[in-house]
Amino acid sequence: MNSSITLGTILLLSLSCLVVESRRQLHASKFSSEPPKSNANATRWAILVAGSSGYENYRHQADVCHAYQILKSGGLKDENIIVFMYDDIAFNDQNPRPGVIINKPFGNDVYDGVPKDYNRENVTANNFYAVILGNKTALTGGSGKVLNSGPDDHIFIFYADHGSPGSVAMPGGDDIYAKDLIEVLKKKHESNAYKTMVFYMEACESGSMFDGLLPENLNIYATTAANPSESSWALYCPGHYPTPPDQYDTCLGDLFSVSWIEDSEKHDLQKETLEEQYRVVLRRTLVDYLEFSSHVMRYGNLGLSKESVFSYMGTNPDNDNFTSFTEELYPAAIKMRAANQRDAPLYLLWHKFNKADEGSNEKVEAQKKLQTEISRRQKEDDNIHSLAVLLFGETNASRIIEYVRPTGQPLVDDWDCLKMLVRIYEKICGMLSIYGKKYKRAMANMCNEGVNEMNMSEASRKACSKKYPSSSSSLQNELH
């Protein structure tokens, strides 16, 4: 491989990595109800989750740490803020400022004072569910803090990490599947343990976590960084404007997250509604970045958007005199660039390769890592394509891999089937990478077409060994 690799070459080699962004109309649900009136004695609760690990995912923990600082300056107490983060970034060998995390170029330290309630192996889906439900007996490790919320309280949940159709990641254990999350939220509602809840989610295909699943009658307002079929975007990346300091070889934030956090940092949140914040984030995430954009979506009880952000995040007294919610905060945004969340690791490897001196050991090592990542992605692409061909034939393979259901319809009819197909594939073919998890859509479509355990097992063995005949009619016939 020639060391004069260009970005264009990398993008060509990883062409299959790029998600075709679906330009749909913005979610047009009507407000379902008037927002409940706020109780002056209500307690604000918050759960902040960074679902990744590794220095290449610096931005997710930076988003969560910055969100904590917003809530803390807004008056929330540590006893009411519960933080999930792997905590392997601040003192990582690659961090140019040990003990410091920043969320924007030349920004302030956002790591200082952040409680690490659930870190390392304790950042799991099961602990997340237990914290939401206030179920201490179901916890494994961690600080033991849970949502001890009451019927008059307001809850804010923020999640930042990688996503895939129908699920979002955690650094250990199982992914958080949409159906499981919705069932937990329903149980929380049934226990009369909150008045209203706001859920902000930063992840690729994050809309698929709520679309067609979150009822309007749970008093939950959810906003996602992307619709059910597109990527979200990393921000403040090397080589992009605005760029992080030269010593940082990683992205510092995510577009959706940075948009709501920086908006909250500047405003008097007593005077800003959730609707107004949504409009700011929508414009910055969709309009300002042109081709680097995603569609911010809303689900659940949209009537809650009339409430103030203050009800969930408090407000910094320093912002008491700030009254404008117009565009002057981001006058140069049109010049800024973002990176596809799922392809950010590939881009960062290319950046390290391009930055290294010609002929140096650093460049050779960067080239190896880059080629390994490209090869791994190509292998996952080939495996899934072969699987689809075996099950549905060459003519229908692309449809099975790419088909997106209409808005308002859940990703899959049988969520247990989806989990089963993913489990079978990973047992036979190897664990899906963050990149490869985009193919959960293909597996969901396979479930919807009637693929069962036996079909999947046989097809996976053949697809991943590449030892199968050109004709796969016997497997296809079993499905029809």
Side-chain angles (χ1 to χ4, degrees), residues 9-22 162-167 169 175 204-205 208 228-231 340-346 349 370-405 411-412 414 417-480:
T9 304
I10 299 306
L11 292 177
L12 181 60
L13 286 170
S14 60
L15 182 61
S16 60
C17 308
L18 301 178
V19 177
V20 178
E21 301 296 339
S22 174
H162 295 286
S164 57
S167 70
D175 287 348
C204 293
E205 290 99 8
S208 67
S229 61
E230 65 186 357
S231 295
N340 182 301
Q341 274 258 36
R342 192 171 280 126
D343 291 333
L346 189 72
L349 287 172
L370 182 58
Q371 186 58 55
T372 297
E373 175 67 12
I374 292 171
S375 298
R376 182 177 58 78
R377 290 177 175 222
Q378 289 178 330
K379 182 179 179 181
E380 287 184 303
D381 291 341
D382 292 344
N383 284 348
I384 297 298
H385 179 75
S386 298
L387 182 65
V389 170
L390 282 161
L391 291 168
F392 297 96
E394 188 71 54
T395 303
N396 294 314
S398 294
R399 177 183 63 83
I400 289 297
I401 292 171
E402 299 171 4
Y403 176 71
V404 178
R405 281 181 146 185
L411 174 75
V412 65
D414 185 345
C417 173
L418 174 58
K419 292 180 186 179
M420 177 187 70
L421 295 195
V422 171
R423 190 163 53 246
I424 291 170
Y425 176 89
E426 291 189 328
K427 181 178 180 180
I428 296 171
C429 302
M431 299 299 291
L432 289 165
S433 67
I434 290 298
Y435 167 78
K437 285 181 179 181
K438 72 177 186 177
Y439 290 119
K440 286 186 179 181
R441 180 177 307 282
M443 296 182 193
N445 289 335
M446 291 175 188
C447 284
N448 295 333
E449 292 290 333
V451 172
N452 60 31
E453 182 176 1
M454 184 175 67
N455 303 145
M456 187 66 170
S457 298
E458 183 179 351
S460 295
R461 282 192 293 270
K462 291 182 178 180
C464 295
S465 68
K466 295 299 185 291
K467 295 178 182 178
Y468 60 89
S470 57
S471 173
S472 57
S473 57
S474 61
L475 274 173
Q476 296 169 42
N477 289 338
E478 290 181 24
L479 297 174
H480 302 287

*Just by distance, do the side chain of Asn445 and the backbone of Ile400 share a donor-acceptor pair under 3.5 Å?*
yes
_side chain to side chain contact (heavy atoms under 4.5 Å, CB included) between Met420 and Cys447, worked out_ = CA-CA 10 Å; Met420 177 187 70; Cys447 284; 6.0 Å; no
*asked:* Nearest 0.5 Å, please: how far is CD1 in Ile401 from CG in Leu387?
replied: 8.5 Å
_Pairwise distance NZ(Lys419) to CG(Leu421) - rounded to 0.5 angstrom_ = 13.0 Å
*Can you tell me if Asn396 uses its side chain to pair, donor with acceptor, with the backbone of Leu391 under 3.5 Å?*
no
*So, Ser208 side chain and Gly166 main chain: donor-acceptor pair closer than 3.5 Å or not?*
yes
*Are any of the side-chain heavy atoms of Glu394 and His385 separated by less than 4.5 Å?*
yes
*With a 4.5 Å limit on heavy-atom distance, are the side chains of Arg405 and Pro228 in contact?*
no
*Find the distance between NZ (Lys379) and OG (Ser433) and round it off to the nearest 0.5 Å.*
11.5 Å
*asked:* As an exercise, state the distance from CD1 of Ile424 to CE of Met454, rounded to the nearest 0.5 Å.
replied: 11.0 Å
*Can Glu453 and Ser457 be counted as having a side-chain donor-acceptor contact under 3.5 angstrom?*
no
*Write down the atom of Cys464, the atom of Tyr425, and the distance for their closest heavy-atom approach.*
SG-CE1, 4.0 Å
*For residues Val451 and Cys417, report the shortest heavy-atom separation together with the two atoms involved.*
O-SG, 4.0 Å
*What is the distance from atom CD1 of Ile428 to atom CE of Met456, rounded to the nearest 0.5 Å?*
8.0 Å
*Over all atoms of both residues, closest heavy-atom pair of Ala442 and Ile384*: CB-CG2, 4.4 Å
*Taking only residues two or more places apart in sequence or in another chain, which ones pass side chain to side chain donor-acceptor pair (under 3.5 Å) with Lys440?*
Ser167, Asp175, Tyr177
*asked:* Could you work out, with salt bridge (Lys or Arg N to Asp or Glu O under 4.0 Å) as the rule, every residue matching Glu380, not counting sequence neighbours?
replied: Arg376
*Check the pair Glu205 / His162 against side chain to side chain contact (heavy atoms under 4.5 Å, CB included), numbers first and verdict last.*
CA-CA 9 Å; Glu205 290 99 8; His162 295 286; over 6 Å; no
*Closest heavy-atom pair and its distance - Ala444, Leu418*: N-CD1, 3.7 Å
*asked:* What I'd like to find out is whether the side chain of Lys438 reaches to under 4.5 Å of the side chain of Leu432, using heavy atoms alone.
replied: no
_Nearest 0.5 Å, please: how far is OH in Tyr435 from CG in Asp381?_
3.0 Å
*Test Met446 against Asn455 for side chain to side chain contact (heavy atoms under 4.5 Å, CB included), laying out the working first.*
CA-CA 10 Å; Met446 291 175 188; Asn455 303 145; over 6 Å; no
